[in-house]
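Encoded as structure tokens, the structure appears first; notes follow it.
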Amino acid sequence: MNDKCEMVNQRLGRSFFERDTKAVARDLLGKFLVRKIGKNNLAGRIVETEAYVGPHDLACHASKGKTSRTKVMFGSAGGWYVYMIYGMYHCLNIVTESKNYPAAVLIRALEITDAFDRLGTRDFRLASGPGKLCRTLKIDKKLNCASAVAKNAKLYIEDRGIKIPQSKIVKAKRIGVDYAGKWKNKPLRFYIKGNKFVSKA
DNA sequence: CAAGAGATCATCT
DNA sequence: GATGATCTCTTGA
């Protein structure tokens with residue numbers, strides 16, 4: 001192997017997401033989120049995620065049942081669940097597990113890689129949080145219910161051959177879910193140890 | 001540096 | 001009518 005070794009940019013398909021939510025959340029670390037805007041691409045490496053594991057998880061929006069907001073989580077794996085929070089930010093999730101089982105992974109932070117310069121700044125905080133990464137990649141409710149595994153997806157996830165070793169992955173409790181009773185402290189947040197693009201909270 | 005408050009609206013009661 | 005899977009700004013030690 002030399003430094004010209006082939007880059008394999010393999011788009012993740014439905015089978016990747018149609019698995020245990022914790023495994024998907026962990027395995028998404030090191031994958032690349034790609035956002036197509038017109039002819040341009042913005043992309044970044046996923047460095048932080050959280051798992052929302054099902055209807056019994058009191059932090060998962062779907063624990064309140066199937067509503068117009070949560071119905072996308074009951075759909076096929078690989079769907080995007082985008083919602084607005086605190087009246088001004090969006091959060092990006094990808095639906096996991098089998099159809100009719102509501103679960104998803106929140107993508108919390110990215111290390112912007114592609115087209116960093118076009119953003120006009122190289123600030124490492126550009127996508128270091130769920131609201132900020134949506135703002136930077138221009139993700140809003142128009143993408144809610146779209147699919148990351150559709151042929152013409154404008155937002156999808158790529159494997160570029162990077163594998164994060166288990167020893168570099170930190171498990172921690174999720175952020176901002178203190179209302180979730182005994183679920184609030186479960187170690188369902190995953191991030192890359194020592195990575196400065198991880199959110200501060 | 002840490003702690004606190006305000007912004008602002010979709011969603012559910 | 002209350003609240004939230006957040007972020008930024010202000011205050012003060």
Side-chain angles (χ1 to χ4, degrees), chain A residues 17 20-29 31 33 35 44 46-75 77-97 101-112 119-146 148 155 157 169-192 195-201:
Chain A
F17 303 105
D20 175 75
T21 305
K22 290 192 296 292
V24 175
R26 194 180 58 230
D27 293 347
L28 278 175
L29 296 178
K31 302 294 189 290
L33 180 68
R35 171 76 168 121
I46 298 170
V47 300
E48 179 180 4
T49 60
E50 280 178 6
Y52 289 83
V53 298
H56 54 300
D57 175 358
L58 296 178
C60 181
H61 291 162
S63 66
K64 304 248 169 35
K66 188 172 183 175
T67 66
S68 57
R69 178 208 216 188
T70 62
K71 64 174 189 252
V72 59
M73 277 196 275
F74 289 79
W80 291 115
Y81 169 40
V82 182
Y83 66 93
M84 173 167 271
I85 188 66
Y86 301 114
M88 58 188 80
Y89 298 106
H90 293 275
C91 288
L92 176 67
N93 303 252
I94 191 144
V95 176
T96 59
E97 311 219 18
Y101 186 87
V105 172
L106 170 68
I107 299 177
R108 281 192 62 88
L110 299 178
E111 173 178 352
I112 301 290
L119 295 170
T121 169
R122 284 193 154 263
D123 193 325
F124 68 87
R125 290 162 296 195
L126 266 178
S128 62
K132 292 193 282 185
L133 80 86
C134 285
R135 193 178 53 191
T136 297
L137 297 194
K138 303 193 193 312
I139 292 163
D140 61 24
K141 284 201 68 180
K142 290 198 282 287
L143 285 160
N144 189 40
C145 297
L155 185 64
I157 299 177
I169 295 178
V170 181
K171 282 190 235 182
K173 66 181 215 178
R174 294 173 294 185
I175 306 293
V177 295
D178 285 349
Y179 60 87
K182 67 177 181 182
W183 283 87
K184 74 177 185 182
N185 290 323
K186 302 253 185 202
L188 293 172
R189 173 177 173 231
F190 302 87
Y191 62 91
I192 299 177
N195 186 286
K196 72 173 180 176
F197 297 85
V198 169
S199 73
K200 232 175 167 188

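Just so it is clear, the structure is predicted and the values come from calculations on it, not from any experiment. Labels below follow one simple rule: chain letters A, B, ... track the order of the sequence lines, proteins then strands, and each chain is numbered from 1. Values below: all heavy atoms of this structure, side chains included; hydrogens, waters and symmetry mates excluded.
- For A:R69 and B:dC9, the CZ to C1' distance is 11 Å, given to the nearest whole Å.
- Comparing A:M84 and A:T70 against DNA chain B, the residue whose closest nucleotide sits nearer the 5' end is A:M84.
- Annotation: C:dA5 and B:dA3 have their P atoms spaced 22 Å apart (nearest Å).
- For the side-chain contact (heavy atoms from CB on, under 4.5 Å) with A:E111, the lone residue among A:I192, A:I46, A:V198, A:V47 that qualifies is A:V47.
- Listed pair A:K132 / C:dT8 meets the phosphate criterion, a side-chain N or O lying under 4.0 Å from OP1 or OP2.
- Counting any heavy atom pair closer than 4.0 Å across all strands shown, A:S199 reaches no nucleic acid atom.
- OP1 or OP2 of B:dT11 lies within a sub-4.0 Å distance of a side-chain N or O belonging to A:K141.
- Following rounding to the nearest Å, A:Y89 (OH) and B:dG6 (P) show an atom-to-atom distance of 16 Å.
- Taking atom NZ of residue A:K200 and atom C1' of nucleotide C:dT6, one finds them 15 Å apart after rounding to whole Å.
- Which of B:dT8, C:dC7, C:dA5 sits closest to the side chain of A:R135 comes down to C:dC7.
- Of the options A:K22, A:K186, A:R174, A:K64, a salt bridge (Lys or Arg N to Asp or Glu O under 4.0 Å) to A:D57 is made by A:R174 and by none of the others.
- Under the 30°/60° scheme for interplanar angles, the aromatic rings of A:H56 and A:W183 are found to stand perpendicular.
- Distances shorter than 4.0 Å separate some side-chain N or O of A:Y179 from OP1 or OP2 on C:dA5.
- With B:dT8, C:dA5, B:dT11 as the candidates, the nucleotide lying closest to the side chain of A:L106 is C:dA5.
- Taking atom OH on A:Y81 and atom P on C:dA5, their separation rounds to 8 Å, with Å as the unit.
- Among the heavy atoms of the strands lying under 4.0 Å from A:G131 are primed sugar atoms or P, OP1, OP2 only; no base atom is included.
- Regarding A:L126, its CG atom lies at a distance of 16 Å from the C1' atom of C:dT6, rounded to whole Å.
- Between A:Y86 and C:dT6, a base-stacking contact is recorded: ring centres under 5.5 Å apart, planes less than 30° from parallel.
- Under the 3.5 Å distance criterion, with hydrogens and angles disregarded, no donor-acceptor pair is assigned to the side chains of A:K132 and A:T136.
- Here the P atom of nucleotide C:dT3 and the OH atom of A:Y83 are 18 Å apart, to the nearest Å.
- When both distances must be under 3.5 Å, the Watson-Crick or G-U wobble mate of B:dG4 is C:dC9.
- Stacking of A:Y52 onto the six-membered ring of C:dA5 is present: less than 5.5 angstrom between centres, less than 30° between planes.
- Between the side chain of A:Y101 and the backbone N or O of A:V53, at least one donor-acceptor pair lies under 3.5 Å.
- Following rounding to the nearest Å, A:H61 (NE2) and C:dT6 (C1') show an atom-to-atom distance of 12 Å.
- Atom CG in A:L133 sits about 13 Å away from atom C1' in C:dC7, given to the nearest Å.
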